[in-house]
Protein chains: 4
Amino acid sequence: MMRARAKNPAGSAKDEKYRRRHDEIIDAAAAVFARKGYHGASTKDVADRLGIRQGSIYYYVPSKEAALEQVCLIGVEGFLRRLTAIRAGGGSYTEKVRAAMLAHLEPTRDRHDYVRTFLGSRHHLPPAIRRNIARLTRDYERLFESLISEGVAAGEFRAGLDSRLATLGILGMCNAALTWYGIEEGATIERIAAEFADMVLDGLKQR
Amino acid sequence: MMRARAKNPAGSAKDEKYRRRHDEIIDAAAAVFARKGYHGASTKDVADRLGIRQGSIYYYVPSKEAALEQVCLIGVEGFLRRLTAIRAGGGSYTEKVRAAMLAHLEPTRDRHDYVRTFLGSRHHLPPAIRRNIARLTRDYERLFESLISEGVAAGEFRAGLDSRLATLGILGMCNAALTWYGIEEGATIERIAAEFADMVLDGLKQR
Amino acid sequence: MMRARAKNPAGSAKDEKYRRRHDEIIDAAAAVFARKGYHGASTKDVADRLGIRQGSIYYYVPSKEAALEQVCLIGVEGFLRRLTAIRAGGGSYTEKVRAAMLAHLEPTRDRHDYVRTFLGSRHHLPPAIRRNIARLTRDYERLFESLISEGVAAGEFRAGLDSRLATLGILGMCNAALTWYGIEEGATIERIAAEFADMVLDGLKQR
Amino acid sequence: MMRARAKNPAGSAKDEKYRRRHDEIIDAAAAVFARKGYHGASTKDVADRLGIRQGSIYYYVPSKEAALEQVCLIGVEGFLRRLTAIRAGGGSYTEKVRAAMLAHLEPTRDRHDYVRTFLGSRHHLPPAIRRNIARLTRDYERLFESLISEGVAAGEFRAGLDSRLATLGILGMCNAALTWYGIEEGATIERIAAEFADMVLDGLKQR
DNA sequence: CATGAATGAGCATTCATTCAT
DNA sequence: GATGAATGAATGCTCATTCAT
């Protein structure tokens, strides 16, 4: 997954310790970026969170921007892979969309700060990397959209459905959960996923 | 409406010119805050956008933070009022939710940068104002939620619906449009509102 | 006394009004310089004190520095003249020193802010003017000192007295009154002058 | 003594180096505050004096205001303590006042810039600290005054003496020395103290 | 006569980054 | 392996000053 290191002392026993520290720093960065935004957060905030000195970060991460990149890469990781698997798997389109929504929400539980940072700060990445990540996102959206358009083609979803807008709507709905997940009481990922899926699949109305 | 001014020399004829310039500056601030985020934007960015010098801003706005406040206040303006009117008006709950979704999306068209800044940067406001605005937001969400829970009570919406989650989902879905409105081709506010309303009210599935 | 004007519209009837406004501005400047110090005071402070706009000051005064100069000139005005008169007048040296102390203190009552500004901010004047004023001060101190050294020569004051230090001590003591005059209750200029004169002339001790 | 540090990494060997640099910076601040006044001095002036960059100061001192506070605290230090000792010690009131004057003047020799800054810039301190220091000053003046009023009560000083004015006069006289100490040739602290004491205790006049 | 509007230089402060040790 | 110390560029903001109207 190409997690570049600042100054990677070759070896294997010591390397382990190095990697651990490195990951702690990225984790702290994710936490403060998620809370304050990339520009609102300082490298000192990150260092303070770990009880180390500001300069020490640079032994593990070459720059603040690189830290953002690494956080974002972890933030997007897996989305595409899992959606690909769902699409390839069995079941109706209804079941696939439901599964896709759950799959989209699960990282919110497991890598909350990473996904939040990705969503909120990815546009502060340097152009090259941003474009790289934008491509991943686009591919992901297209894959999601194909689930819907194929469902329409198969006669399972309503004809005339704008699958692009539907995709953006569903993903937007799910992404919104990042804002209040952990704050709204009793809202587990599973409940959110189920409730949202019921809403968009069957509608709010009484049958 | 309380759009406070930095130094407003009393008067009325010349005052008009002052107000116009003031509004231009707030408008420029909304634009750059929306694009770069509050902390990613500098007062120089705002000044450059107007072809004036950095310091000149301070003739019209007392601080960057105050500019954010003014932008956010314009950003939230009207949401509560219009939703209150919809709720008090006639029609089924289905019609009301549909109307509410359109009403929620319209400011995206008319005050795009303001609403985006409000959504993305309001948590950088000084505590006092942030709390003030948080209250408005909470009231708005509750009002929206009441539309749904009353729809359930009236037997128009599904029993067992979690009206809180439904509200957060619908609003999140609509807010997501701020990200890509103006980029997605052919996606007018009316189409987005209609498509989203169809989706959550009737569901994606074929009947 | 060479009170330079910014743009002096010739004439005589209107000139009166101009001069009045000019003097008001200098007076306001003296007040804020005395309270906040030259660098701690802004031209806006001066304008606010008169209810006029910041820029309007420049119609009457060419610069902040020039305002300081004018305030300082009024602050020193008269000291030398009156001390010269006292020295030329009759009476014992004791009486003359006593009179000189009162004369030195009187401007504190009548032009408090001017004298305070002079004492506290004169070293912020541009070199040329500062030197000019320094000469006045030196002449004044020498004149005062001559009163004492002549008193010694006449056998009226103690032999061995360091007249230079005595002068600096007496003037410093009087100048200190500027700090608390108007605050210390019941301390009129006359009482202060008398008390200080008693102290340095006769000493604190019982005879 | 409470000489707070900006960021003091615990330790003891290296800490010494930090403290030394910190003290150098405070010393430079005292020097430029004494010469230009708090508002007339810039942090760049302080940095230039040490041959470091403006921003580097902030590694040692949290703000310009904090630097002023530290300078002032060093400036007032010891005055109260030493006067208390003099009062508690033996000797006549005449001897005590003489000793007090010397004690008051000694810091002028040893911490010239600190005391000058204290006297000239203390009113620019933030209110909380200013009040704190004002209390110290008041206590000091009262203690000094008690030396005089008790001397009167003991019949050693003239009856009818206004001990408050006498105190303010004596201290003002001594403080004036800050202005010219180091400039007036041959005026050592001891000579100044002695001459001033002779003047106020015995008077200028021949017996 | 005075002002409204703007400027440009300077200021205190922050911050990502570097590097000798 | 990590830090203490410093830097330099940028940032928000203030302020004396100017000038067309």
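Numbers restart at 1 for each chain; the letters A, B, ... are given by sequence-line order, proteins then strands.
Residues forming a side-chain hydrogen bond (donor to acceptor under 3.5 Å, both in side chains) with D:Lys64 (at least two apart in sequence, or on another chain): none. Considering only residues two or more places apart in sequence or on other chains, D:Arg53 meets the side-chain hydrogen bond (donor to acceptor under 3.5 Å, both in side chains) condition with none of them. Every residue two or more places apart in sequence or in another chain that forms a side chain to side chain contact (heavy atoms under 4.5 Å, CB included) with C:Leu119 is listed here: C:Arg122, C:Asn175, C:Leu178. Looking at residues two or more places apart in sequence or on another chain, you find a side chain to side chain contact (heavy atoms under 4.5 Å, CB included) between B:His39 and A:His39, B:His124. The salt bridge (charged side-chain N to carboxylate O under 4.0 Å, His left out) search around A:Arg20 returns A:Glu16, not counting sequence neighbours. For A:Arg35, the side-chain hydrogen bond (donor to acceptor under 3.5 Å, both in side chains) partners are A:Asp113, not counting sequence neighbours.
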Derivation and outcome, side-chain contact (heavy atoms from CB on, under 4.5 Å), residues A:Leu125 and A:Tyr38: CA-CA 10 Å; A:Leu125 284 167; A:Tyr38 177 66; over 6 Å; no
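Contacts between residues 31-40 of chain D and DNA chain F, counted as heavy-atom distances below 4.0 Å, involve no residue at all. Of the residues in residues 117-124 of chain A, none lies under 4.0 Å from DNA chain E by heavy-atom distance.
Pairing analysis of DNA chain E (Watson-Crick: purine N1 to pyrimidine N3 plus N6-O4 or O6-N4; G-U wobble: N1-O2 and O6-N3; both under 3.5 Å) yields stems of 3 or more pairs at E:2-21 with F:2-21.
One atom, OH of A:Tyr58, and another, C1' of E:dT18, lie 10 Å apart when rounded to the nearest Å. C:Ile25 places its CD1 atom 14 Å from the P atom of E:dC1, with the value rounded to the nearest Å. Atom P of nucleotide F:dC15 and atom CG of C:Asp48 are separated by 11 Å, given to the nearest angstrom. For the pair C:Glu16 CD and E:dC1 P, the interatomic distance rounds to 14 Å; values are reported in whole Å.
Screening residues 37-51 of chain D for salt bridge (Lys or Arg N to Asp or Glu O under 4.0 Å) gives D:Lys36-D:Asp45, D:Lys44-D:Asp48 as the qualifying pairs, with residues at least two apart or on separate chains.
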How would nucleotides 6-11 of chain F be written as a contact map, 5' to 3', with B for base contact, S for sugar-phosphate-only contact and - for no contact, using protein heavy atoms under 4.0 Å? SBS---
Check residues 24-33 of chain C and write down every donor-acceptor pair under 3.5 Å in which the side-chain atom is one partner and the other belongs to a residue at least two apart or another chain.
| from | atom 1 | to | atom 2 | distance (Å) |
| --- | --- | --- | --- | --- |
| C:Glu24 | OE1 | C:Arg21 | NH1 | 2.8 |
| C:Asp27 | OD1 | C:Tyr114 | OH | 2.5 |

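Using a 4.0 Å cut-off between a side-chain N of Lys or Arg and a carboxylate O of Asp or Glu, A:Arg19 and A:Asp15 do not qualify as a salt bridge.
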